[in-house]
Amino acid sequence: NAGVTQTPKFQVLKTGQSMTLQCAQDMNHNSMYWYRQDPGMGLRLIYYSASEGTTDKGEVPNGYNVSRLNKREFSLRLESAAPSQTSVYFCASSEFGVATNEKLFFGSGTQLSVL
Amino acid sequence: GEDVEQSLFLSVREGDSSVINCTYTDSSSTYLYWYKQEPGAGLQLLTYIFSNMDMKQDQRLTVLLNKKDKHLSLRIADTQTGDSAIYFCAESRASGGSYIPTFGRGTSLIVHP
């Protein structure tokens, strides 16, 4: 029972480098989300994908891009990393999508440090 | 100010009850959720309550909802050291026909012997 799988678990980048965080779910869920978690700030939504083929901005989208590659996979890209993007990133999915109030299933997170 | 508000810390003695409080803003939220995050892990859904309910009980957990005051609480009876974690309150906020999960900052529950 894999659920939501994120890779990598840890990453250190230099300012200006780019990288892609990968996320895959095996629950046939329609919606997928990317959140960042900063100390004392809770979780803030970066982008979400209500269904395959659609993506929308969340609360803090600047500096990020996403791709819903297929129903299973939703990647987050940092084109030019900045120290302010040092955070723990969580991918999540939900079954029926954002048209209903659905509970989320989370991955175990990616800890990213930008020096 | 914050949209979903929680106190940041709660410390209790093992065996006592813990009460974690939350206030939210979107009266259209149909469901309200409590998630638990253990160290180094992602969030896991602990329980949820439908907005037309006042109370939901699930073993040691009791959720109370005061819709008039937009106040949600989570009570953990007979708190154990394994309950030490961060607890997040969340609402599904209506946004352009979608419902976007919105989280509070989380309450760190510390259980000491």
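Letters A, B, ... mirror the listed sequences (proteins, then strands); counts begin at 1.
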Step through the shown structure and confirm whether more than 12 heavy atoms of other residues, nucleotides or ligands are within 6.0 Å of CZ on B:Phe9.
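12 or below, so no.
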List the atom of A:Tyr33, the atom of B:Pro101, and the distance in Å for their closest heavy-atom pair.
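So the minimum-distance heavy-atom pair works out to CE2-CD, 3.8 Å.
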Would [X] end up clustered with [Y] when hydrophobic side chains under 4.5 Å apart are linked, directly or stepwise?
X	Y	value
B:Leu32	B:Tyr48	yes
B:Ile86	B:Ile110	no
B:Tyr33	B:Phe88	yes
B:Val111	B:Leu74	yes
A:Trp34	A:Phe106	no

Side chain, backbone, both or neither: which part of [X] has an atom under 4.5 Å from a heavy atom of chain B?
X	result
A:Leu45	side chain
A:Gln6	neither
A:Tyr35	side chain

Hey, what do you get for [atom1] ([X]) to [atom2] ([Y]), rounding to the nearest 0.5 Å?
X	Y	atom1	atom2	value
A:Lys103	B:Leu43	NZ	CG	15.0 Å
A:Leu104	B:Gln44	CG	CD	12.5 Å
B:Phe103	A:Glu59	CZ	CD	12.0 Å

Could you look at B:Tyr35 and say if it's the side chain, the backbone, both or neither that has a heavy atom under 4.5 Å from chain A?
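Contact with chain A is through the side chain of B:Tyr35 alone.
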